[in-house]
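These notes are about the structure you will find just below.
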Amino acid sequence: MTDRRPGLDPAVAEVRLAVRRALTGLQQGSTVVVALSGGADSLALAVATAFEAAKLGLRAASLTVDHGLQDGSTDAAAAAAAKAEALGLEARVVRVEVGAAGGPEAAAREARYRALAEAARAIGATAILTGHTLDDQAETVLLGLARGAGATSLQGMAEASVLEGVRMLRPLLGVRRATTRAACTAEGIEPWDDPHNSEPRFARVRVRETVLPTLEAQLGPGIAEALARTAAQLREDAEAFDEMIDETIEDIVEHAEAGISVSAAALAANPAALRNRIIRHVVASEFHESLTRTQTLEVARLATDWSGQGPIDLPGCRARRVGGRIEFSARV
């Protein structure tokens with residue numbers, strides 16, 4: 001299905017259709033917030049949301065986060081808000097303090113998402129919309145591969161998720177970055193180009209400017225689409241595994257003193273992929289910590305290769321074999 005009205009630019013039609021699909025089903029009268037940086041992706045999203053939300057009986061607002069990380073950021077944020085207001089959106093700008101934990105990219109993202117969630121709750125918004133594109137998805141998968149990350153990271157970004165109790169929608173995950181820029185041109189709106197998006201000190205920029213173009217030059221076009229398809233397939237697999245874990249875990253997990261325990265025999269009887277996911281799930285849900293693959297495999301050996309080895313120190317907890325069970329207890 002495409003919007004084929006005479007004179008409608010194909011890029012504009014593609015972006016509008018993606019937004020329409022994301023918004024369809026939301027209750028009339030509810031509010032959505034567009035995360036607007038002023039760049040081509042978020043600006044194309046804002047233009048399409050203003051158009052489609054009105055047709056669907058939704059109220060649309062925008063939030064621009066000023067990270068304060070570069071000269072002129074306040075002016076850039078104000079310019080983005082002005083463009084949103086011209087589109088009929090209720091525009092807000094929030095200045096945030098960016099920490100240092102996890103590196104500049106991760107710290108800025110955490111501050112931005114926190115501000116988005118707070119703003120959405122403040123105005124009673126049903127959903128937050130972000131302008132992540134297919135290219136962003138491909139970059140995320142490549143970065144995960146470079147880190148040796150597991151399937152959870154390689155799934156990339158979901159079209160719909162939850163951020164601090166608020167729905168987060170990413171309508172443009174199937175849309176190329178070139179299309180959003182073309183849509184802005186067709187709409188007569190000039191996007192802001194963030195200087196940080198050309199800074200090679202950031203890993204994502206190196207992937208965008210060098211790695212992906214090199215892969216396409218050497219292997220042929222379609223690499224970004226292939227990476228995005230891989231992410232989608234891994235998310236489908238993960239959903240299936242999650243259902244299996246939910247069905248399995250009730251029968252093999254028991255509460256223990258200062259923690260939780262899992263049947264060693266039941267763990268050993270499961271396929272490695274499911275066994276390892278159960279271990280990670282138990283630690284994440286009970287102690288709010290993530291395990292590396294090496295740590296996960298060491299815990300699994302308590303079930304599959306038990307030879308009297310001692311307790312294993314893990315992030316936030318300790319695992320040990322006690323009779324026929326593996327106990328996870330908080331580290332004192």
Side-chain angles (χ1 to χ4, degrees), residues 34-46 63-77 79-80 93-117 128-150 152-158 161 163 168 170 172-173 175-181 184 190-219 223-228 230-231 234 290 292:
V34 177
L36 178 63
S37 69
D41 301 338
S42 65
L43 196 55
L45 174 66
L63 179 73
T64 301
V65 177
D66 178 6
H67 299 88
L69 296 177
Q70 53 191 307
D71 294 338
S73 64
T74 299
D75 291 338
V93 176
V94 175
R95 178 72 177 252
V96 297
E97 294 294 329
V98 178
E105 293 174 283
R109 182 171 57 251
E110 181 181 350
R112 179 168 61 253
Y113 280 10
R114 183 169 59 250
L116 282 169
I128 299 166
L129 278 63
T130 71
H132 294 107
T133 64
L134 185 148
D135 298 78
D136 293 309
Q137 186 77 299
E139 294 159 10
T140 298
V141 174
L142 271 181
L143 287 166
L145 284 169
R147 292 193 303 267
T152 299
S153 178
L154 299 183
Q155 293 168 35
M157 297 171 283
S161 57
L163 175 66
M168 177 172 279
R170 299 178 176 90
L172 307 184
L173 279 184
V175 177
R176 295 300 305 263
R177 187 175 290 135
T179 301
T180 65
R181 187 165 289 275
C184 288
E190 184 176 354
W192 171 64
D193 291 319
D194 186 347
H196 279 181
N197 288 337
S198 300
E199 281 278 355
R201 61 192 173 98
F202 296 122
R204 185 174 287 273
V205 172
R206 296 195 297 274
V207 168
R208 177 181 306 150
E209 300 292 336
T210 304
V211 178
L212 266 173
T214 299
L215 286 174
E216 296 221 333
Q218 296 299 320
L219 302 178
I223 297 297
E225 289 87 351
L227 289 167
T230 297
L234 286 171
S290 299
T292 65

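Hydrogens, waters and symmetry mates are skipped; everything else that's a heavy atom, side chains included, is used.
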Please walk me through it: do Gln137 and Leu227 pass side chain to side chain contact (heavy atoms under 4.5 Å, CB included)?
CA-CA 8 Å; Gln137 186 77 299; Leu227 289 167; over 6 Å; no
With sequence neighbours excluded, residues passing salt bridge (charged side-chain N to carboxylate O under 4.0 Å, His left out) with Arg176
Asp135, Glu225
Residues in side chain to side chain donor-acceptor pair (under 3.5 Å) contact with Asp75, at least two apart in sequence or another chain
none
State, to 0.1 Å, how close Ala44 and Cys184 come at their nearest heavy-atom pair, and which atoms those are.
N-SG, 3.8 Å
Under the rule for side chain to side chain donor-acceptor pair (under 3.5 Å), what residues qualify as partners of Asp194, not counting sequence neighbours?
Gln70
Would you tabulate the side-chain donor-acceptor contacts of residues 205-214 under 3.5 Å, counting partners in other chains and residues two or more places apart, or write 'none'?
unit_1, atom_1, unit_2, atom_2, d
Arg206, NH1, Pro200, O, 2.8
Arg206, NH1, Arg201, O, 3.2
Arg208, NE, Glu139, OE2, 3.1
Arg208, NH2, Glu139, OE1, 3.2
Thr214, OG1, Thr210, O, 2.7

With sequence neighbours excluded, residues passing side chain to side chain donor-acceptor pair (under 3.5 Å) with Ser290:
none
Could you report the tightest heavy-atom contact between Gly39 and Pro191, atom names first, then the distance?
C-CB, 3.8 Å
Can you tell me how far the CE atom of Met168 sits from the CE atom of Met157, to the nearest 0.5 Å?
10.5 Å
Taking only residues two or more places apart in sequence or in another chain, which ones pass side chain to side chain donor-acceptor pair (under 3.5 Å) with Ser37?
Ser42
Is any side-chain N of the basic residue among Asp193 and Arg181 closer than 4.0 Å to the acidic one's carboxylate O?
yes
Working to the nearest 0.5 Å, report the span between CG of Leu63 and CG of Leu129.
12.5 Å
Looking only at non-hydrogen atoms, find the nearest pair between Leu45 and Gly131 and report the distance.
CD2-N, 3.6 Å
When every non-hydrogen atom of Val65 is compared with those of Ala115, the smallest separation belongs to CG2-CB, 4.1 Å
Check step by step if side chain to side chain contact (heavy atoms under 4.5 Å, CB included) holds for Thr140 and Arg204.
CA-CA 8 Å; Thr140 298; Arg204 185 174 287 273; 3.1 Å; yes
From Leu163 CG over to Ile128 CD1, what is the distance, rounded to the nearest 0.5 angstrom?
5.0 Å
Reported CG-to-OG1 distance for the pair Asp41 and Thr133, which is rounded to 0.5 angstrom:
5.0 Å
Donor + acceptor pair across side chains of Ser161, Arg170 (<3.5 Å)
yes
Counting C-beta onward and ignoring hydrogens, is there a side-chain heavy-atom pair between Glu190 and Leu43 closer than 4.5 Å?
no
What do the steps show when you test Leu173 against His132 for side chain to side chain contact (heavy atoms under 4.5 Å, CB included), and what is the final call?
CA-CA 6 Å; Leu173 279 184; His132 294 107; 4.0 Å; yes
Minimal non-hydrogen separation, Ala80 against Thr64, with atom names
CB-OG1, 3.9 Å
